[in-house]
Number of protein chains: 2
Amino acid sequence: MGLTKTTGFTKEQVALAAIAKALGHPARIVILQFLAKQKSCVCGDIVEELPLSQSTVSQHLKELKTVGLIKGNIEGPSVCYCIDENAWNKAQQNLSELFGSITGDSCC
Amino acid sequence: MGLTKTTGFTKEQVALAAIAKALGHPARIVILQFLAKQKSCVCGDIVEELPLSQSTVSQHLKELKTVGLIKGNIEGPSVCYCIDENAWNKAQQNLSELFGSITGDSCC
DNA sequence: AACCTTTATCGTAATATTACGATATAAGTA
DNA sequence: TACTTATATCGTAATATTACGATAAAGGTT
């Protein structure tokens, strides 16, 4: 079907999965690494960083924006993309909660 | 195309994206939360935890296994799934590296 | 206004994902 | 051996994702 069921899951589970899904492509990892390091936030520079066409990169940026991890500001003729620190910190916290919830002894 | 390009990315970027992608579904989040808390690792108990059919859950388990986050041991008539702590810790480290690489000041 | 630059969107094709029921497989039990 | 239980795999349908070129839209420049 391709359609992910959301009923029967908590909002938090659905939200965390959505964030993880957004991180689930090498191009979007590169974009976030690039923005985190603040070398630039101009869209054109991001495109140059990637082995993908401009339209494809624009699509990836849109996904990251939709999930809230980045935001874009129009800056004259170009667009400046930045990490949304709120969403970023929340994602970090939720992920580290998941990874930290392990209780020592594994049974196999 | 649906086919993710991997050329032009580092191995680490591709690997991290693969892990994130595996986390990118609510059912797989639930499975990992459940296994991390060690209430049980029997496949049947995981199926009961989810609002999905047995075959669909089996598919999700397979994905988590393929990416290495969990491993399965046959235990008599049933199968015991557990988190692979090596992969788990590596994933945690790589993700916290990504989230920690932010350099204070955002430009927008 | 005409033009260039920058980014987003559209249209499209190929492939992947999600989900289910049905069936196969494997292990234990009567 | 026949039967039940537990899990995996197959087949299939619907939808999503990825990628590209072409084009639109928005802003600056001459």
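On a predicted model such as this, the values are computed, not experimentally measured, just so you know. By convention in this document, chain letters (A, B, ...) are assigned in the order of the sequence lines, proteins followed by strands, and residues within each chain are numbered from 1.
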**Fill in**
Closest non-hydrogen contact found for A:Tyr81 with A:Leu35 is O-CD2, 3.3 Å
**Asked** Where is the tightest heavy-atom contact between B:Glu49 and B:Val30, given as atom of each residue plus distance?
**Response** CG-CG1, 4.1 Å
Can you check the [X] [atom1] to [N] [atom2] distance for me, whole Å?
X       : N      : atom1 : atom2 : value
A:Leu61 : C:dT9  : CG    : C1'   : 14 Å
B:His60 : C:dC20 : NE2   : P     : 9 Å
A:Glu63 : C:dA8  : CD    : C1'   : 14 Å
A:Asn73 : D:dA26 : CG    : P     : 17 Å
A:Gln54 : D:dG21 : CD    : P     : 11 Å
A:Lys62 : C:dT7  : NZ    : C1'   : 13 Å
B:His25 : D:dT15 : NE2   : P     : 15 Å
B:Ile74 : C:dA26 : CD1   : C1'   : 8 Å

**Prompt:** Between A:His25 and A:His60, how do the two ring planes meet: parallel, tilted or perpendicular, split at 30° and 60°?
**Reply:** tilted
Please check the phosphate of [N] (OP1 and OP2 only) for any side-chain N or O of [X] closer than 4.0 Å.
X       : N     : value
A:Tyr81 : C:dA8 : yes
B:Lys65 : D:dA8 : no
A:Ser58 : C:dA8 : yes

**Complete:** Which of C:dA8, D:dA19, C:dA16 is nearest the side chain of B:Lys21? It is C:dA16
**Prompt:** Considering only side-chain heavy atoms of B:Pro77, which listed nucleotide, C:dT6, D:dA19, D:dA6, is closest?
**Reply:** D:dA6
Remember a base hit wins even if backbone is also touched, and classify [X] as base, sugar-phosphate or nothing at under 4.0 Å, heavy atoms.
X       : answer
B:Gln59 : base
A:Thr56 : base
B:Val47 : nothing
B:Thr4  : sugar-phosphate
B:Ser55 : base

**Request:** For A:Cys43 and for A:Thr6, locate the closest nucleotide of DNA chain C by heavy-atom distance; then report the residue assigned to the nucleotide nearer the 5' terminus.
**Result:** A:Cys43
**B:Arg28 vs B:Leu3, nearer the 5' end of DNA chain C by closest nucleotide** = B:Leu3
**Request:** Could you pick out which residue, B:Asp45 or A:Gly24, lies toward the 5' side of DNA chain D when each is mapped onto its nearest nucleotide?
**Result:** B:Asp45
**Prompt:** Does the pair A:Cys41/A:Cys80 show an SG-SG distance of less than 2.5 angstrom?
**Reply:** yes
**Asked** Is there a side-chain contact between A:Arg28 and A:Leu23, using heavy atoms and a 4.5 Å cut-off?
**Response** no
**Asked** How about B:Thr7 and A:Pro51: do any of their side-chain heavy atoms sit closer than 4.5 Å?
**Response** no
